[in-house]
Amino acid sequence: MEWTIWAGFAAGLLISTLTTPVGVSGAVFLLPVQLSVLGVPSPAITPTNLLFNVVAGPGALWRYRRDGALRGTLARRLVTWTLPGVLIGAAIRVFALPGPGVFRLLVAAFLLPLGSWLCWRTLRPATRRPDTAEPSPLALAVIALTVGVVGGIYGIGGGSLLGPVLAARGLPMARIAPATLAATFTTSVAGAAAYAVLATASSGPVAPDWGLGLACGAGGLIGGYLGARLQPHLPETLLRLLLGALAAALGALYAVQALA
């Protein structure tokens, strides 16, 4: 329907404009909109969300590459281990978790702690340790693989999970942001492709909604640019608190609906 295309574009634009200044993936908040407002069926909602990441992400990634922020081993290691994880997560999502009730529980299980973490970290910011080393190669592999599996199931690319984990280790955002964005974009490409292939082996709605995903991504591409321009002029503390409260409220809503 034509209204869903325009609604998806507007949702991607608005969400990316609000989330880009605080460094949170807009896909996290776009998924509930697709599920409850736009009526994307499960499990097609997950690859549609990955498609949003694919379309909305290249602008910022190109900027990081031009500035040389993607140099080093962190981005390469994250991409190496999140890629197989997202393929495993896609298979789990299609063949083991097709029901909307279980999927709503997954949404709640992710959004509730994410929202709580955003609020808590905003009110009690961590002490910066700019010289802290990144996790060992083995620890980073385990973290990235786990996040890739969760990202493949949830359709978020994994960057919004990797960022908090690495930030808790004391790594500076100047190193975290480009690396997690590279992992999010790469795994989203692989995840969307995996769902398209898995659609041939499933009778359900597994392939992404291409029209809606592209519309949301186009809005996200513009919104990400606007958010980056607005960042110096917006109160970051208020934005983080609002986003955290929104995520926690959405998680609580889906928990109630799934358990009802």
Side-chain angles (χ1 to χ4, degrees), residues 2-40 45-67 69 107 110-111 114-115 118 122 151 154-164 173 176-178 180-189 191-192 208-247 249-250:
E2 184 177 354
W3 78 268
T4 60
I5 298 298
W6 285 108
F9 177 86
L13 175 65
L14 178 61
I15 291 172
S16 293
T17 302
L18 293 176
T19 58
T20 297
V22 297
V24 177
S25 172
V28 175
F29 301 100
L30 180 64
L31 189 145
V33 175
Q34 293 188 55
L35 186 63
S36 299
V37 178
L38 301 178
V40 179
I45 186 172
T46 301
T48 303
N49 220 39
L50 291 172
L51 182 59
F52 165 80
N53 280 338
V54 172
V55 178
L61 190 61
W62 174 83
R63 173 93 181 231
Y64 279 126
R65 181 178 177 83
R66 188 189 66 176
D67 295 341
V107 173
F110 182 76
L111 287 182
L114 173 63
L118 283 172
T122 301
Y154 190 73
I156 59 173
S160 56
L161 285 173
L162 285 169
M173 287 303 302
I176 294 173
T180 56
L181 180 60
T184 296
F185 176 73
T186 307
T187 55
S188 295
V189 171
D209 185 324
W210 293 99
L212 185 58
L214 291 173
C216 292
L221 190 65
I222 299 172
Y225 175 82
L226 293 176
R229 290 290 302 271
L230 290 172
Q231 186 183 40
H233 310 289
L234 297 175
E236 184 175 349
T237 298
L238 177 61
L239 280 175
R240 285 184 176 271
L241 287 173
L242 287 175
L243 286 172
L246 175 61
L250 287 172

**Study point:** Approximate separation, where rounding is to 0.5 Å, of N49 CG and L212 CG
**Key:** 10.0 Å

Review point. Got L226 and L13 here, is their nearest side-chain heavy-atom distance under 4.5 Å?
Key: yes

Exercise for review: Could you pull out the closest heavy-atom pair between V54 and F185, with the gap in Å?
Suggested key: O-CE1, 3.3 Å

Review point. Sequence neighbours excluded, which residues qualify as side chain to side chain contact (heavy atoms under 4.5 Å, CB included) partners of L221?
Key: none

Practice item. Determine the minimum heavy-atom distance between L162 and A183, stating which atoms define it. Key: CD1-CB, 4.1 Å

**Study point:** For L14, side chain to side chain contact (heavy atoms under 4.5 Å, CB included) partners two or more places apart
**Key:** L18

Point to revise | Minimum heavy-atom distance A56-G220, with the two atoms named | key: CB-C, 3.9 Å

Exercise for review: Identify the two heavy atoms, one from F52 and one from S16, that lie closest to each other, and give their separation to 0.1 Å.
Suggested key: CZ-OG, 3.6 Å

Exercise for review: Could I get the full list of side chain to side chain contact (heavy atoms under 4.5 Å, CB included) partners for A7, not counting sequence neighbours?
Suggested key: W3, L38

Point to revise | Approximate separation, where rounding is to 0.5 Å, of T48 OG1 and L30 CG | key: 9.5 Å

